[in-house]
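Heads up: the structure comes next, in structure tokens.
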Protein chains: 2
Amino acid sequence: MIRTVPSRRQAIADDLRQQIATGQLKAGERLPSEAQLATRYTVSTPTLRSALALLQGEGLVEKIHGSGNFIRHPRRRLTYAGGTGTSASWTTTSALLRVSVRIMDLRAHGDLTALLNVPPSSPLTEVCSVTHEGESPHSLARVYVPRDLAPADFAGGLLSPADVAAHLAELRPPLAEVQEKVSARLPTLEEAATLRISTALAVLSLVRVATDVTGRVVEAALLVLPGDRADALFTTRFMIDERGPKE
Amino acid sequence: MIRTVPSRRQAIADDLRQQIATGQLKAGERLPSEAQLATRYTVSTPTLRSALALLQGEGLVEKIHGSGNFIRHPRRRLTYAGGTGTSASWTTTSALLRVSVRIMDLRAHGDLTALLNVPPSSPLTEVCSVTHEGESPHSLARVYVPRDLAPADFAGGLLSPADVAAHLAELRPPLAEVQEKVSARLPTLEEAATLRISTALAVLSLVRVATDVTGRVVEAALLVLPGDRADALFTTRFMIDERGPKE
DNA sequence: GAGTGGTCTAGACCACGAG
DNA sequence: TCGTGGTCTAGACCACTCA
């Protein structure tokens, strides 16, 4: 159990972490090149890179291909608020957030048919959005709605996300239930590229299914949030004289 | 944007994934040694290892130092049910689950004081538990309770988890609110060792804080679930004539 | 084009697991 | 002890970014 050699990469990561914590390395600053760092620590480049990979995984460092490794700004964690029926609910919604939305019509296939509980090939509207805060993408959302619940002026248009949410709310009956399945995994290559994160950084993946009072699934959403920048918060309140749900 | 070379490691990972999916490689089976695989795919060992790392990240392969790489059994995903006040609530609770519990007294320090909203050094009881399904650990939980809410026969004892939950429920007033903050990250070295997972596999980290009707925090729990084996599910039901929480 | 990170090689040596 | 994975080296060459 004795750690004979604390592993070069751990030692290097610890050292850099320390420098970041103490402010010797400031946010936004560029680290020396990997080759220089490798020389300084007298390790080979792959070893140094694996040390940096640890820091990336912790969200302390961001690599930008071709330009260098940068100390990340003290990450402003965003909190996704669970249990609401809205398309994008951030407790820290601020003017700083910029959202790009793309709307497309498509037909149900694969997992979507099961999620939305519709027959294959039934018409859907897909709303893809990427939330940015300044330069860095903060979330990736794909929302699927049965076509008849999507306003006609959706398709092909570019609307503000507030408009999207408002329009959706208009057409559908009151929600009865929202289920959110949360999992942790590594991002796909595509997700990593969109979110500008390393494939070694964990993401929070949420699948949200909203059902209306008639039991119909009115929305299914797939959300991907970078693990270093986002949490999801779920609050359950109990009524007096109610100890909690069944079981 | 054209993918010039689909990367050796991706190609190898894809090939192995395929073989697992089609059943050419069966669950529990050992893969050829890394050296043999490297030869077969005509790549160097580090490259082959990085391909295996991808599969580990997806939970398809488990490495065991000194004995080889093994195809994981079709993972029976466990689902953590959010919004309940109980210490360990699994929707798939079954006799297969074995739980080891360790109970200790300690004093509040660091983050714990803030989480539990108690002064530093105030007495707490810590319940650590590891859930196993067969050989593989499935979750790691540390539950903190103010000492006066923990039965005297807790300390130092080894109880079944059901007993723990029952005893806790007896002493405290009805819960008013449970907050669960979910995040995705990579495991610490210690967590990875306990859960027998690679440090490259994402974990779901839950912080649950339960408050009673008087506003007192009666329990804070830190849960760590391996991303490849566990999800968390949160269900929100809306009353009629209530469109959902504010905002 | 100069400099950066991304990927890969072909080894070496160490640490762990099982017989 | 022997075979396995774990770590590391000292380069090579490619791809991206920016001036």
Side-chain angles (χ1 to χ4, degrees), chain A residues 1-16 28-57 60-72 135-136 187 189 192-194 196-201, chain B residues 1-14 16 29-57 60-72 135 187 189 192-193 196-201:
Chain A
M1 270 309 111
I2 296 165
R3 182 144 295 288
T4 54
V5 180
S7 136
R8 317 287 263 116
R9 73 149 171 271
Q10 277 296 341
I12 294 170
D14 289 346
D15 185 55
L16 290 172
E29 203 168 317
R30 214 207 78 180
L31 288 173
S33 79
E34 299 188 346
Q36 288 175 313
L37 286 173
T39 305
R40 173 187 309 177
Y41 288 109
T42 51
V43 295
S44 67
T45 46
T47 301
L48 183 108
R49 283 170 56 73
S50 84
L52 287 179
L54 294 177
L55 300 178
Q56 287 173 70
L60 292 174
V61 165
E62 175 173 11
K63 288 181 105 78
I64 300 183
H65 190 165
S67 65
N69 290 278
F70 297 84
I71 310 295
R72 288 266 304 265
E135 287 306 300
S136 47
L189 289 176
T194 306
R196 307 268 258 121
I197 57 177
S198 115
T199 53
L201 197 153
Chain B
M1 270 308 112
I2 295 164
R3 182 144 295 287
T4 55
V5 181
S7 141
R8 315 288 263 120
R9 75 152 170 269
Q10 277 296 339
I12 295 169
D14 289 347
L16 290 172
E29 201 169 317
R30 215 207 77 176
L31 289 173
S33 78
E34 300 187 345
Q36 288 174 313
L37 286 173
T39 305
R40 172 187 311 177
Y41 287 109
T42 51
V43 294
S44 66
T45 47
T47 302
L48 183 108
R49 283 170 56 73
S50 83
L52 287 179
L54 294 177
L55 299 178
Q56 287 172 70
L60 292 173
V61 164
E62 176 172 10
K63 289 181 104 81
I64 299 181
H65 190 163
S67 67
N69 291 277
F70 298 83
I71 310 295
R72 286 266 304 266
E135 287 306 301
L189 290 176
R196 307 269 257 119
I197 57 176
S198 114
T199 53
L201 198 154

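Order of the sequence lines fixes the chain letters, A, B, ..., with proteins taken first and strands second; residue numbering starts at 1 for each chain. Just so it is clear, the model here is predicted, and its values are computed rather than measured.
Considering only the side chain of K63(A), dG6(C) comes nearest among dT9(D), dT4(D), dG6(C). When distances are taken from the side chain of R9(B) to each of dT4(D), dT9(D), dT7(C), the shortest belongs to dT7(C).
Near-neighbour residues of DNA chain D inside residues 42-50 of chain B, defined by a heavy atom below 4.0 Å, number-ordered: P46(B), R49(B).
Taking the salt bridge (Lys or Arg N to Asp or Glu O under 4.0 Å) definition, one finds that D15(A) meets it with nothing, sequence neighbours left out. Qualifying side chain to side chain donor-acceptor pair (under 3.5 Å) partners for T47(B), counting only residues two or more places apart in sequence or in other chains: S44(B). A53(A) meets the side-chain contact (heavy atoms from CB on, under 4.5 Å) test with Q56(A); sequence neighbours excluded. By the side-chain contact (heavy atoms from CB on, under 4.5 Å) test, T39(A) pairs with no residue at all, sequence neighbours left out. Take E34(A) and apply the salt bridge (Lys or Arg N to Asp or Glu O under 4.0 Å) test, not counting sequence neighbours, and it matches R49(A), K63(A).
Residue pairs meeting the salt bridge (Lys or Arg N to Asp or Glu O under 4.0 Å) criterion with at least one partner in residues 36-45 of chain B, sequence neighbours excluded, are absent.
Residue N69(B) places no side-chain N or O under 4.0 Å from the OP1 or OP2 atom of dT4(D).
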Every protein N/O within reach of nucleotides 17-19 of chain C N/O, cut-off under 3.5 Å:
none

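Between the C1' atom of dG5(D) and the CZ atom of F70(B) lies a distance of 11 Å, rounded to the nearest Å.
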